[in-house]
Amino acid sequence: MRRIRAGRLGLLFCALALFGMASGSRIRFRETAEDWGLAFRHHNGGSGKRYYPETDGSGVALFDYDHDGDLDVFFVDSAALPGYEGEPPRSILYRNDGGGRFVDVTESSGIRVAGYGMGATSADPDGDGDLDLYVTQFRDNQLFRNNGDGTFTDVTAAAGVGDPRWSMSAAFADVDRDGDLDLYVTNYIRYSIEDPVLCYNEIHDVGAFCHPELFEGLPDRFYANRGDGTFVDRTAEAGFSGAWGKAMGVVVSDFDNDDWLDVYVANDTTPNSLFRNRRDGTFEDVSLVSGTAFSDTGLPEAGMGVAAADVDEDGLVDIYVTNFALETNAFYRNLGNGVFVDVRTSAGVAPPSLVLLGFGTAFADFDLDSDLDLAIANGHILDNVELMEERADLTYRQRNQILENLGGARFREVEDSGVDVIAASRGLATGDLDGDGDLDLVITNSNDVAEVYENVSTGVGEWLAVDLGESAGGALAIGSRIELVTAARRQSRDVVSADSYLSQSSQTVRFGLEEPSSPHRLQVRWSDGRRMAIAGVKPGRRYRLWEP
């Protein structure tokens, strides 16, 4: 297993000098994939013909499928394309046995990804108390029902969610507040393997992956839960008919603080989409009026991944979107009343992303100092971009990034974070994999081995973790908002089923406490609007709160 690690880059863009990279940061990671038994390799199924799906996969989901209190890991693999010769692609479920030990239980679990896998998300749509798994694919998605005994059953046909299009990300949430989890699926472009469009760069006399502008976008899909774990397609009735944006990433959150969940979608080369919940089972497209559709210069960008959180601690959920190289990533600050402003430059996230192509991303308090840092997975889609571009700093394999929050939602890249493998990265997810209280990091790489990073940050604060439990299913927990109130500040976190790119992070909410003093107070707004509060919580503990 050969890995290429980052040295000091010889050519850095001029804008980076304006902000620099953070030195002396407390955030540190150690690559530990082999040590923990998570030696997953993605296979794009290619043979040199450059079929379009080869470049976009794949994702990872962190979820506790066996209810033992720790995070298991599901890696999505792709499939063989015409002309492929190599080991068979295989999506893998790793069971967490504690202490940094993971075991491949795919065969016994019954999970068989039948098509060209892209991403995954997990939730409990049938309300039986077990986390099921939904896998998006290039044609024919699959829903695996958790049987509660370590095994899964493919219930796609019965559930009615086997979208035959090219699907990317997906998210569960109870958007109509009827007590069960609905499903939003992003779809990308119309592409045929049987009659493919293959591209060639005549200027440089090399084959190339095609530009997405050559293809027609596909409509997203919204599936309403009937209440028994089966779904009905209500895309048009719910107001999502206009969602044709070559969609990549999706996140569901309450962006306008009206206690109802909205939907945000990152689109590739087309305007991003924000759908406001009308509170009557329908949604309104407010992309343009909200300020979240275009760049700060008024142009559509190649949106890939998306992260959403209250980064500046004003009680409003902000949005971060990863974009194509030379576009820079976007940071939409929520001003309230349905209005956002793109502050990518003043927040310090634009310069470090200029020559990088971002995919997966997540907000997380890696150094436990009470504010949210940022992780980004980078990698170009053109495997021979070095032959086609004059710039020496545009490469296929790229460094991934950790941006430290310096306070007030101002970020600076951490130069020596230890996240130093150079690859064409795609999916990204965070969670406490080793049970020590801080957040670890998993990154998938196209046609390469995955990266797994143990958080070994030193001199950091204390942690506090919260799980939301329910007597029946998981509809109330997903979409809920948890606030930790201390004497100094108020931290807010949302429970989401998916964000990033093709991936899902842990649904356990974690807070950092740089200067811990107890007792503190937790406030929960459940996804149905009900409130509860718990006083006297202390750092270094993991709490499970049950619905009123």
Side-chain angles (χ1 to χ4, degrees), residues 38 40 42 57-66 70-77 91-96 111 113 117-125 130-137 141-144 146 152 161 167-174 181-186 247-253 261 263-266 304-309 320 322 359-364 375-377 425-433 439-444 450-452 467-468 474-475 477-480 493-510:
L38 292 170
F40 170 78
H42 172 254
S58 62
V60 58
L62 310 184
F63 71 117
D64 184 8
Y65 84 93
D66 54 1
D70 51 32
L71 282 173
D72 309 299
V73 182
F74 179 72
F75 286 104
V76 183
D77 207 350
S91 298
I92 299 179
L93 175 65
Y94 290 97
R95 186 187 66 217
N96 190 337
I111 296 176
V113 176
M118 299 303 297
T121 186
S122 175
D124 184 18
D130 299 308
L131 291 175
D132 306 315
L133 184 68
Y134 187 70
V135 181
T136 60
Q137 302 175 50
N141 303 334
Q142 290 177 273
L143 176 62
F144 296 95
N146 192 329
F152 291 78
V161 291
S167 298
M168 300 298 277
S169 299
F172 287 100
D174 183 13
L181 291 170
D182 310 302
L183 176 64
Y184 190 97
V185 180
T186 68
M248 293 288 219
V250 63
V251 65
V252 180
S253 185
L261 295 173
V263 178
Y264 186 79
V265 180
M304 307 293 181
V306 59
Y320 181 82
T322 56
F359 277 93
T361 185
F363 286 115
I376 307 111
S425 298
R426 299 293 185 258
L428 180 150
T430 65
D432 182 12
L433 293 173
L439 287 166
D440 308 305
L441 186 63
V442 180
I443 298 174
T444 64
E451 304 164 46
V452 180
D467 293 293
L468 296 185
I478 292 176
S480 297
R493 306 281 190 271
D494 283 4
V495 182
V496 298
S497 75
D499 56 3
S500 186
Y501 172 76
L502 309 180
S503 300
Q504 174 176 301
S505 295
S506 170
Q507 292 175 7
T508 298
V509 168
R510 293 190 178 272

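- Checking side-chain atoms of Thr430 against main-chain N and O of Asp440 turns up no donor-acceptor pair under 3.5 Å.
- Under a 3.5 Å cut-off, the side chain of Thr361 and the backbone N or O of Ala375 do form a donor-acceptor pair.
- The closest donor-acceptor contact from the side chain of Thr444 to the backbone of Ser58 lies under 3.5 Å.
- With hydrogens and angles ignored, the 3.5 Å screen pairs a side-chain donor or acceptor of Ser122 with a backbone N or O of Asp132.
- Between Val250 and Val263 there is a side-chain heavy-atom pair separated by less than 4.5 Å.
- Counting heavy atoms from C-beta on, the side chains of Leu433 and Val442 come closer than 4.5 Å.
- For the pair Ser497 (side chain) and Phe172 (backbone), a donor-acceptor distance under 3.5 Å is present.
- Nearest approach of Val76 to Val135, heavy atoms of both residues: CG1-CG1, 4.3 Å.
- The ring pair (Phe, Tyr, Trp, His ring centres under 6.0 Å) test applied to Phe40 returns Phe75, not counting sequence neighbours.
- Remark: the backbone N or O of Leu428 is paired with a side-chain donor or acceptor of Ser500 at under 3.5 angstrom.
- Rounded to the nearest 0.5 Å, atoms CE (Met118) and CE (Met248) are 7.5 Å apart.
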* To do: Using the side chain to side chain contact (heavy atoms under 4.5 Å, CB included) rule, take Val161 and Asn141 through it: C-alpha gap first, then chi angles, then the decisive distance, then the call.
  => CA-CA 7 Å; Val161 291; Asn141 303 334; over 6 Å; no
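- Scanning both residues, Asp494 and Val509, for their nearest heavy atoms gives O-CG2, 4.4 Å.
- Panel note: side chain Thr186, backbone Ser169; a donor-acceptor pair is recorded below 3.5 Å.
- With sequence neighbours excluded, the residues satisfying side-chain contact (heavy atoms from CB on, under 4.5 Å) with Ala170 are Thr121, Tyr134, Thr136, Leu183, Val185.
- For the side chain to side chain contact (heavy atoms under 4.5 Å, CB included) test with Tyr320, the passing option among Asp499, Val251, Ile376 is Ile376; the others fail.
- Distance check: Ile111 CD1 to Phe152 CZ gives 4.5 Å after rounding to the nearest 0.5 Å.
- A pairwise comparison of heavy atoms in Ala266 and Gly305 identifies CB-O, 4.3 Å as the closest pair.
- One finds the CG atom of Leu468 at 5.5 Å from the OG atom of Ser480 (value rounded to the nearest 0.5 Å).
- With Asp72 contributing its side chain and Tyr65 its backbone, the two residues share a donor-acceptor pair below 3.5 Å.
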* To do: Start with the C-alpha distance between Phe63 and Gln507, add both sets of side-chain angles, then the distance that settles side chain to side chain contact (heavy atoms under 4.5 Å, CB included), and finish with yes or no.
  => CA-CA 8 Å; Phe63 71 117; Gln507 292 175 7; over 6 Å; no
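- When every heavy atom of Ser425 is checked against every heavy atom of Phe359, the shortest pair comes out as O-CD1, 3.6 Å.
- Between Ala362 and Ala307, the shortest heavy-atom distance links the atoms CA-CB, 4.1 Å.
- A donor-acceptor pair is defined here as one N or O able to donate and one able to accept, closer than 3.5 Å; such a pair exists between the side chain of Ser91 and the backbone of Asp77.
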* Stepwise side chain to side chain contact (heavy atoms under 4.5 Å, CB included) test for Arg95 and Asp66 -> CA-CA 8 Å; Arg95 186 187 66 217; Asp66 54 1; 3.4 Å; yes
* Asked: Are Asn96 and Val73 close enough, and set up right, to give a side chain to side chain contact (heavy atoms under 4.5 Å, CB included), and what steps lead you there?
  -> CA-CA 8 Å; Asn96 190 337; Val73 182; over 6 Å; no
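- Of all heavy-atom pairs spanning Ser503 and Gly59, the tightest one is OG-CA, 3.6 Å.
- Residues Arg426 and Leu502 form no side-chain contact, since every pair of their non-hydrogen atoms from C-beta on lies 4.5 Å or further apart.
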